[in-house]
Colleague: 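Okay, here's the structure, questions in a sec.
Keep in mind that this is a model prediction, so the values were computed, not measured.
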Amino acid sequence: MDEDYDVVVLGTGLKECILSGLLSVDGLKVLHMDRNDYYGGESTSLNLIQLWKKFRNSDKPPAHLGSSRDYNVDMVPKFMMANGTLVRVLIHTDVTKYLYFKAVDGSYVFSKGKVHKVPATDMEALQTPLMGMFQKRRARKFFIYVQDYDENDPKTHEGMDLTLVRTRELIAKYGLDDNTIDFIGHAMALHRDDRYLNEPALDTVKRMKLYAESFARFQGGSPYIYPLYGLGELPQAFARLSAVYGGTYMLNKPECKVEFNDEGQVIGVTSEGETAKCKKVVCDPSYLPNKVRKIGKVARAICIMGHPIPNTNDSHSVQVIIPQKQLGRKSDMYLFCCSYSHNVAPKGKFIAFVSAEAETDQPEIELKPGVDLLGPVDEIFYDTYDRYEPVNEPSLDNCFISTSYDATTHFESTVMDVLSMYTMVTGKVLDLSVDLSAASAAEE
């Protein structure tokens, strides 16, 4: 280990693994270490025995749940947009050859006490029970405007500069009511709260276009895809990529201590009496606690069930978004469900998660509206974790720290953090203008 490296990466969470893969492909000499003896860090997937050890202090889950190794329970459950940035990163790095994906069956939204399918096209807008007849026509016109909108073609802008026009103003032009705005903003554009209404409309239009393009890509019931065997496969796939390009991996390394010179710049990482010299360190917040600050907390319920979430058309994999307004919250609540169809549970078993940014210290009470939508559950685990963001100046200390995972059940915010870290570390912007049709070979 007493060698010189360009970058030492600490922690094998998904963000850190993507970065070590990208940096290795770029020709940098990378050492990747983790104090744990498994991949995935906070974003790992657990089998049943590991789940019981973590939450129940026991290694004997009930026999009726089936074999422990048939379970892959994500600790940070998220779906990928089929046309989204993470998929572009997977294709850019050729990691798709290590993974198999399958479309997610359903995308739903909670509105006025009921769960509804999210309409993704102008035709679906005409059929949804989410809106009355007049709203449907207006929403259809708005969807057509979004579908036709081309940033580089002023003819499609209808005289509006969306870098200046606020989302609230664009929506008002189409006469959409609060209920319609709610599902468009939260379940299609995937905003986490209502701040977007006062921000430039271009971002929301781009997000809606991504939703529609991802939806069209598989002609399935949702715009999302998810890897077979769960998200724990992703960090390992990027670790393999890094190794192929000369990256070195060391798990189970206790006390990874970052060393600094008198000017406060990184000079290496010490573990078990050996020091790996390096110019830069990439890590998750737990490795440099004095360079991060707490920004919130995620509350979640992990449930094992014998049935799909009710009112989702028997979907074996599904996301349901509960917009903040529907519950009088400051931010949205998310339901995520997957099952044996993605090889994360034995046949007949479903794993559901309810997650939200914690607004109280009582997850059982706070998450109840989401848990109530699941129907009867076999087992339920409640958990909270703190979220951190870096407060250091990477240009001064050469420490590049990721932000903790949020409560959303989709990957767009996660991968944006990775891309901005990549640019900070390398000074380059990752070119993701890839041909997405090339990925179809890796999809089922």
Side-chain angles (χ1 to χ4, degrees), residues 78-81 83-86 107-112 116 118-120 125 130-131 135 138-139 141-151 156-158 160-215 222-224 295-296 298 319-335 355-359 387 389 403 405-417 419-420:
K78 289 180 189 288
F79 290 132
M80 295 175 218
M81 294 293 251
N83 228 27
T85 320
L86 181 54
S107 172
Y108 286 75
V109 63
F110 180 81
S111 179
K112 294 182 180 164
H116 299 274
V118 179
L130 270 169
M131 302 176 279
Q135 269 301 299
R138 289 172 187 158
K141 277 187 182 150
F142 179 56
F143 282 1
I144 289 170
Y145 167 74
V146 170
Q147 278 164 12
D148 292 346
Y149 182 87
D150 176 351
E151 230 176 318
T156 65
H157 297 184
E158 295 190 7
M160 289 179 286
D161 180 351
L162 295 193
T163 60
L164 300 175
V165 172
R166 291 184 309 166
T167 312
R168 192 184 291 289
E169 294 154 6
L170 174 64
I171 284 168
K173 182 172 186 274
Y174 286 89
L176 304 180
D177 66 17
D178 280 355
N179 192 38
T180 307
I181 294 165
D182 221 21
F183 86 74
I184 286 175
H186 293 263
M188 290 183 73
L190 301 178
H191 290 293
R192 286 178 276 180
D193 52 43
D194 278 340
R195 280 180 296 194
Y196 76 95
L197 288 167
N198 295 316
E199 290 166 0
L202 182 60
D203 178 47
T204 295
V205 166
K206 281 182 170 171
R207 284 162 169 256
M208 287 180 68
K209 284 179 85 68
L210 171 62
Y211 189 98
E213 287 158 6
S214 298
F215 188 87
S222 86
Y224 305 110
I295 50 170
V298 172
Q319 175 175 262
V320 183
I321 292 179
I322 310 178
Q324 57 172 102
K325 249 193 213 137
Q326 303 290 328
L327 300 176
R329 288 174 49 82
K330 297 191 192 84
S331 61
D332 295 355
M333 191 173 288
Y334 300 88
L335 272 61
S355 53
E357 293 292 328
E359 294 174 11
R387 292 185 60 225
E389 70 178 9
T403 300
Y405 297 95
D406 58 32
T408 61
T409 44
H410 50 79
F411 263 114
E412 293 306 294
S413 54
T414 299
V415 76
M416 289 309 161
D417 187 30
L419 294 181
S420 81

Colleague: Taking the side chain as every heavy atom from C-beta outward, state whether His157 and Leu162 have any atom pair closer than 4.5 Å.
Modeller: no
Colleague: Taking side chain to side chain donor-acceptor pair (under 3.5 Å) as the test, write out the residues that go with Thr414, two or more places apart.
Modeller: none
Colleague: Salt bridge (Lys or Arg N to Asp or Glu O under 4.0 Å): which pairs involve residues 142-151, sequence neighbours left out?
Modeller: Glu151-Lys206
Colleague: Working to the nearest 0.5 angstrom, can you tell me the gap between Ile181 CD1 and Thr204 OG1?
Modeller: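 It comes to 11.0 Å.
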Colleague: Return the set of residues passing side chain to side chain donor-acceptor pair (under 3.5 Å) with Thr85 (not counting sequence neighbours), or none when no residue passes.
Modeller: Glu412
Colleague: Is there a side-chain contact between Ile321 and Phe183 (heavy atoms, below 4.5 Å)?
Modeller: no
Colleague: State the CD1-OG1 distance between Ile184 and Thr167, to the nearest 0.5 angstrom.
Modeller: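 Spacing of CD1 (Ile184) from OG1 (Thr167) equals 11.5 Å.
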Colleague: Please find the pair of heavy atoms, one from Leu335 and one from Thr409, that lie closest to each other, and give the distance.
Modeller: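 That would be O-OG1, 4.4 Å.
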Colleague: If I take atom OG from residue Ser111 and atom CE from residue Met131, how far apart are they, to the nearest 0.5 angstrom?
Modeller: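 With rounding to 0.5 Å, OG (Ser111) is 10.0 Å from CE (Met131).
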Colleague: Under the rule for side chain to side chain donor-acceptor pair (under 3.5 Å), what residues qualify as partners of Tyr211, not counting sequence neighbours?
Modeller: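 Side chain to side chain donor-acceptor pair (under 3.5 Å) check on Tyr211 returns Ser107.
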Colleague: Looking only at heavy atoms, what is the nearest atom pair of Val146 and Val205, with distance?
Modeller: CG1-O, 3.9 Å
Colleague: Does Glu357 offer a backbone N or O that forms a donor-acceptor pair with the side chain of Arg329 under 3.5 Å?
Modeller: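 Present.
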Colleague: Can you tell if the side chain of Tyr405 reaches within under 4.5 Å of the side chain of Lys78, non-hydrogen atoms only?
Modeller: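 Yes - at least one pair of side-chain heavy atoms lies under 4.5 Å apart.
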Colleague: What pairs with Lys141 under salt bridge (charged side-chain N to carboxylate O under 4.0 Å, His left out), at least two apart in sequence or on another chain?
Modeller: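 Checked Lys141 against salt bridge (charged side-chain N to carboxylate O under 4.0 Å, His left out); zero matches.
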Colleague: What salt bridge (Lys or Arg N to Asp or Glu O under 4.0 Å) pairs are there with at least one residue in residues 187-199, not counting sequence neighbours?
Modeller: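 Passing the test, one end in residues 187-199: Arg192-Asp406, Asp193-Arg195, Asp194-Lys325.
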Colleague: Using the rule given for side-chain hydrogen bond (donor to acceptor under 3.5 Å, both in side chains), can you reason through Tyr145 versus Glu158, listing the C-alpha separation, both sets of side-chain angles and the distance that settles it, and then say yes or no?
Modeller: CA-CA 9 Å; Tyr145 167 74; Glu158 295 190 7; 6.0 Å; no
Colleague: Can you list everything that forms a side chain to side chain donor-acceptor pair (under 3.5 Å) with Thr180? Sequence neighbours excluded, please.
Modeller: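 So Thr180 forms a side chain to side chain donor-acceptor pair (under 3.5 Å) with Gln135, Asp177.
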Colleague: Considering residues at least two apart in sequence or located in another chain, which fulfil the ring-ring contact (aromatic ring centres under 6.0 Å, His included) criterion with Phe142?
Modeller: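 Expected list: Tyr174.
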Colleague: Using side-chain contact (heavy atoms from CB on, under 4.5 Å) as the criterion, list what pairs up with Ser214, not counting sequence neighbours.
Modeller: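 Ser214 satisfies side-chain contact (heavy atoms from CB on, under 4.5 Å) with Met81, Ala82, Asn83, Leu210, Pro223 once adjacent residues are dropped.
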Colleague: Does Leu197 reach the side chain of Arg166, with side-chain heavy atoms less than 4.5 Å apart?
Modeller: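 When only atoms from C-beta onward are counted, Arg166 and Leu197 do not touch, as no gap falls below 4.5 Å.
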Colleague: Go through the steps to decide whether Gln319 and Tyr108 satisfy the test side-chain contact (heavy atoms from CB on, under 4.5 Å), and finish with yes or no.
Modeller: CA-CA 6 Å; Gln319 175 175 262; Tyr108 286 75; over 6 Å; no
Colleague: Nearest 0.5 angstrom please: Lys209 NZ to Tyr149 OH, how far?
Modeller: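 Going from NZ on Lys209 over to OH on Tyr149, the span is 9.0 Å.
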Colleague: What is the distance from atom CG of Leu176 to atom CZ of Arg138, rounded to the nearest 0.5 Å?
Modeller: 8.0 Å
Colleague: Tell me every residue that passes salt bridge (charged side-chain N to carboxylate O under 4.0 Å, His left out) with Arg168, counting only those two or more places apart in sequence or in another chain.
Modeller: none
Colleague: Listed by chain and number, what are the side-chain contact (heavy atoms from CB on, under 4.5 Å) partners of Arg207, not counting sequence neighbours?
Modeller: Ala189, Leu190, His191, Asp203
Colleague: Does some side-chain heavy atom of Glu169 sit less than 4.5 Å from a side-chain heavy atom of Met160?
Modeller: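 No, side chains not in contact.
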Colleague: Should Gln326 and Asp182 be marked as a side-chain contact (heavy atoms from CB on, under 4.5 Å) after you check the CA-CA gap, both sets of side-chain angles, and the distance that decides it?
Modeller: CA-CA 9 Å; Gln326 303 290 328; Asp182 221 21; 2.9 Å; yes
Colleague: Under the side-chain contact (heavy atoms from CB on, under 4.5 Å) rule, collect the residues that match up with Lys330, sequence neighbours excluded.
Modeller: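 Partners of Lys330 under the side-chain contact (heavy atoms from CB on, under 4.5 Å) test: Glu359.
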